[in-house]
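Here is the structure we will look at, set down as structure tokens.
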Number of protein chains: 2
Amino acid sequence: MRAGPSQEEVRKHNLGTLLRYVHMHGATSRAELTTRLGLNRSTIGALTADLIGAGLVSEAAPRETGRAGRPSLVVRPESGRVYAYALSIEVDRLRAARVGLGGRILEQYETERPRGMNAGEAVRPLARFVRTMRSGVPDDGRCVGSAVAVAGMVRREDGLIRLSPTIGWVDEPIGESLRSELDEFGPLSVGNHADVCALAEHARGAAVGSDNVIYLYGDVGVGAGIVAGGRRVHGHGGYGGEVGHMVVNPYGRPCSCGSRGCWETEIGEHALLRLAGRADRSGGEAVLAVVDAAMRGDSSAQHALRQVGDWIGFGVGNLVNIFNPEVVIFGGTLRDVYLGAAAQIRSRLNAVGLPACREHVRLRTPELGADAALIGAAELAFENLLDDPLVS
Amino acid sequence: MRAGPSQEEVRKHNLGTLLRYVHMHGATSRAELTTRLGLNRSTIGALTADLIGAGLVSEAAPRETGRAGRPSLVVRPESGRVYAYALSIEVDRLRAARVGLGGRILEQYETERPRGMNAGEAVRPLARFVRTMRSGVPDDGRCVGSAVAVAGMVRREDGLIRLSPTIGWVDEPIGESLRSELDEFGPLSVGNHADVCALAEHARGAAVGSDNVIYLYGDVGVGAGIVAGGRRVHGHGGYGGEVGHMVVNPYGRPCSCGSRGCWETEIGEHALLRLAGRADRSGGEAVLAVVDAAMRGDSSAQHALRQVGDWIGFGVGNLVNIFNPEVVIFGGTLRDVYLGAAAQIRSRLNAVGLPACREHVRLRTPELGADAALIGAAELAFENLLDDPLVS
DNA sequence: CTCCTTCGTTCGGTGACCGACCGTTTCGGG
DNA sequence: CCCGAAACGGTCGGTCACCGAACGAAGGAG
């Protein structure tokens with residue numbers, strides 16, 4: 001409700017808008033910035049001067065204009081000097097990257113995460129990665145923050161992991177632990193894996209330009225990152241998007257959450273492999289093997305894929321009725337399942353979804369691959385800077 | 001992405017913020033506005049002067065201060081002079097009201113809506129109501145817009161009703177029709193009934209101060225108005241919130257939408273009355289009768305209420321997992337069902353909802369009663385004014 | 001080489017907010 | 001009844017952000 005000292009707010013807002021533009025769209029000429037931001041040439045000049053002074057962007061003469069007239073200076077983000085650390089804690093991997101302003105991954109490390117590794121143990125290799133990267137950064141480098149994506153339920157206020165069945169954590173204060181290890185590297189944000197991937201695909205992937213997006217991430221469990229009206233939906237405590245525990249089959253199998261017939265018990269990896277008669281195997285390769293087998297005519301694999309595809313379409317239909325999204329993205333191993341069962345999914349979606357809600361829905365696969373979580377975490381880390389470029 | 005001519009934007013924003021404050025909180029002293037909005041005394045003075053010049057607010061000496069010092073002038077909305085027309089098309093009623101700035105209903109008319117009345121026929125009595133009200137408005141009155149709430153799926157771009165099973169409409173251009181009849185009364189917005197009720201309860205009812213809210217409205221059908229992060233979720237085409245067609249029971253009864261086991265087939269009025277052995281009756285009184293009978297010990301009514309309450313808790317649990325709301329409000333005849341089956345609902349919700357998602361959820365009944373739709377529609381109509389008070 | 005186009009820079013102007021100063025209104029004590 | 005303290009409104013000069021016009025600079029086309 002506060003309006004604040006609006007003089008500075010205007011400047012801050014315009015600086016943020018300009019910086020966000022080059023962060024999202026890459027190097028941009030001043031002329032284009034003038035038209036895109038609707039600001040005067042003089043103002044764009046002053047804003048870029050400020051940002052150059054802060055070391056956030058640089059200007060250069062353009063290569064070839066092709067048109068008459070004096071060529072416009074090109075403003076580009078200092079993607080080499082200004083960066084954030086992006087971390088990701090996944091089921092079987094720990095990943096860390098240094099991501100430059102503009103979204104480019106500058107360097108990246110990863111290691112296996114053994115089952116049973118707790119939060120304290122996971123922090124150490126991540127911190128080691130960060131310190132390794134830090135030691136190689138030139139002196140003029142500037143870290144503007146860090147963020148970690150975790151495949152679990154993240155309490156927004158402090159980054160506590162309330163519950164992560166796939167990783168096996170309960171009430172692990174990952175935010176606190178990492179902050180105490182990495183307090184020299186700016187503020188640390190903690191985000192849910194699917195949320196962060198949704199952010200990445202919305203910013204730089206399959207959902208660019210769409211303001212109502214559902215990003216589904218599935219492996220053993222299923223979660224969603226939801227963008228509604230251009231803003232992430234995280235709910236009151238930060239636990240929104242737990243679509244994996246939407247009960248779709250009241251008469252279904254028990255779920256680890258205590259309920260039964262949750263969506264993830266019907267469409268998760270375990271369900272697919274069980275239906276395909278391969279319950280002894282697990283992981284992304286096993287899922288891919290089922291899809292491949294179905295392609296090659298294996299009837300039990302086909303049956304499993306049909307069954308799972310049916311439940312996927314069913315749940316997506318429910319979500320489409322609730323959110324009326326423009327895009328639904330299938331990430332994780334759900335991507336492969338989607339590619340193998342697209343017709344089944346679409347058909348069931350059409351049966352469950354109301355015509356008005358489903359008519360403009362596009363079903364997509366991610367464009368960012370395995371780096372989505374890191375790119376999204378970096379976006380999280382950059383948010384402070386983009387909201388107020390000259391602070392700190 | 002545009003920043004616009006930010007000089008004017010600042011003024012516009014601050015004028016809107018001040019006007020919105022007195023609109024939401026009622027008459028407020030300049031001193032309090034100064035602290036609440038974080039603006040200088042001089043600025044508040046200038047802003048109120050502008051708004052007084054536009055006839056939107058007035059100032060008056062306060063009654064009794066009780067404290068030392070010169071009393072601060074009280075700024076109050078011109079709720080008598082500045083108003084909007086709010087209309088509501090419900091299953092069996094057509095309602096129209098003139099609502100003053102500040103949210104007070106100044107006058108109100110309503111009439112029955114016979115089953116089978118189409119959109120063209122419904123427009124006429126509504127337009128008549130508006131013209132009747134218009135003729136009684138003093139010459140200095142000023143209409144700033146109108147809005148209509150309709151219990152159906154509203155296409156956002158033009159206000160077409162894509163589908164309303166309860167009212168019995170398909171592709172009725174209610175927006176166009178009303179606009180052509182009422183073009184002299186400013187811009188007309190069209191909103192979904194549940195969305196608009198959610199807006200009302202969020203602004204002036206049971207969800208004040210909560211930024212993550214689900215308002216459930218149920219009679220024969222079930223719909224939801226969803227507020228996430230303080231903003232309404234309407235989806236890409238405007239059709240979000242159709243939770244009534246979330247399928248909760250894949251083996252359930254067929255629904256009018258073509259699917260089966262939709263939430264509204266399990267918790268709608270028809271389900272309750274059928275389970276209670278009163279399928280021959282209908283309407284809100286019949287629902288109330290079942291709840292009363294259950295209170296008095298009628299076992300078939302109790303059984304019906306338990307069954308329906310179970311499914312309500314089930315669906316709310318799903319929604320809680322998806323949205324992690326702070327408040328869930330039960331409106332329509334669902335209010336009575338909730339009051340009669342609260343324990344059952346809570347118990348089932350606790351079984352389906354994840355602990356983290358449900359732990360802070362408050363279940364509530366509406367505070368605005370039957371006027372919620374009109375008050376919410378008025379909020380919709382006032383939005384243009386509050387976004388830019390001095391335009392027009 | 002010259003003209004035209006396009007852009008960067010500079011500078012004066014407008015508008016919005018702030019802070020200080022002064023006058024006004026109320027309360028409370030002598 | 002008078003006077004000081006407290007709280008507030010109004011006025012005025014100052015600062016800051018943006019805009020628009022004027023001028024110079026940098027390329028392309030003939």
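Just so it is clear, the model here is predicted, and its values are computed rather than measured. Chain A is the first sequence line, chain B the second, and so forth, proteins listed ahead of strands; every chain is numbered from 1.
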Distance-only check: which donor-acceptor pairs under 3.5 Å involve side-chain atoms of residues 228-238 of chain A, not counting sequence neighbours?
{"residue": "A/R232", "atom": "NH1", "partner": "A/E383", "partner atom": "OE2", "Å": "3.3"}
{"residue": "A/H234", "atom": "NE2", "partner": "A/R156", "partner atom": "NH1", "Å": "3.2"}

Just the rounded figure in Å: distance from [atom2] of [N] to [atom1] of [X].
{"X": "B/R67", "N": "D/dA5", "atom1": "CZ", "atom2": "C1'", "result": "14 Å"}
{"X": "A/K12", "N": "D/dC18", "atom1": "NZ", "atom2": "P", "result": "13 Å"}
{"X": "A/L73", "N": "D/dG27", "atom1": "CG", "atom2": "C1'", "result": "13 Å"}
{"X": "B/H13", "N": "D/dA17", "atom1": "NE2", "atom2": "P", "result": "18 Å"}
{"X": "A/E8", "N": "C/dA16", "atom1": "CD", "atom2": "P", "result": "18 Å"}
{"X": "A/D50", "N": "D/dC18", "atom1": "CG", "atom2": "C1'", "result": "13 Å"}
{"X": "A/L33", "N": "C/dC7", "atom1": "CG", "atom2": "C1'", "result": "13 Å"}

May I ask you to verify if any side-chain N or O of A/T43 is less than 4.0 angstrom from the OP1 or OP2 atom of D/dA17?
->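 Negative; the distance criterion is not met.
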
Examine D/dC18: is either OP1 or OP2 under 4.0 Å from a nitrogen or oxygen in the side chain of A/N14? Give yes or no.
->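 Affirmative; the distance criterion is met.
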
Between A/R30 and A/E59, is there a salt bridge with N-O shorter than 4.0 Å?
->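 Answer for the salt bridge query: yes.
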
Nearest heavy atoms of B/V74 and B/P62, plus distance in Å =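 Answer, listing the atom of B/V74 first, then B/P62: CG2-CB, 3.9 Å.
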
B/S58: partners by side chain to side chain donor-acceptor pair (under 3.5 Å), with sequence neighbours left out =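 Partners of B/S58 by the side chain to side chain donor-acceptor pair (under 3.5 Å) criterion, ordered by chain and then number, come out as B/R76.
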
Residue list, side chain to side chain donor-acceptor pair (under 3.5 Å) with B/R41, at least two apart or on another chain =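 Listed in chain order: nothing, the list is empty.
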
Per-nucleotide protein contact along nucleotides 20-26 of chain D, 5' to 3', at a 4.0 Å heavy-atom cut-off (B base, S sugar-phosphate only, - neither), is BBB-BBB

Can you tell which of D/dC8, C/dT5, D/dC18 lies closest to the side chain of A/R11?
->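 Minimum distance to the A/R11 side chain belongs to D/dC18.
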
Within residues 42-55 of chain B or reaching into it, pairs that qualify as side-chain hydrogen bond (donor to acceptor under 3.5 Å, both in side chains) - sequence neighbours excluded =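 Found B/R11-B/D50, B/N40-B/S42.
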
B/A31 vs A/I44, nearer the 5' end of DNA chain D by closest nucleotide =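 Of the two residues, B/A31 wins.
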
Enumerate, atom names and distances included, each donor-acceptor pair closer than 3.5 Å involving a side-chain atom of residues 80-87 of chain A, sequence neighbours excluded.
{"residue": "A/R81", "atom": "NE", "partner": "A/D140", "partner atom": "O", "Å": "3.2"}
{"residue": "A/Y83", "atom": "OH", "partner": "A/Y85", "partner atom": "OH", "Å": "3.4"}

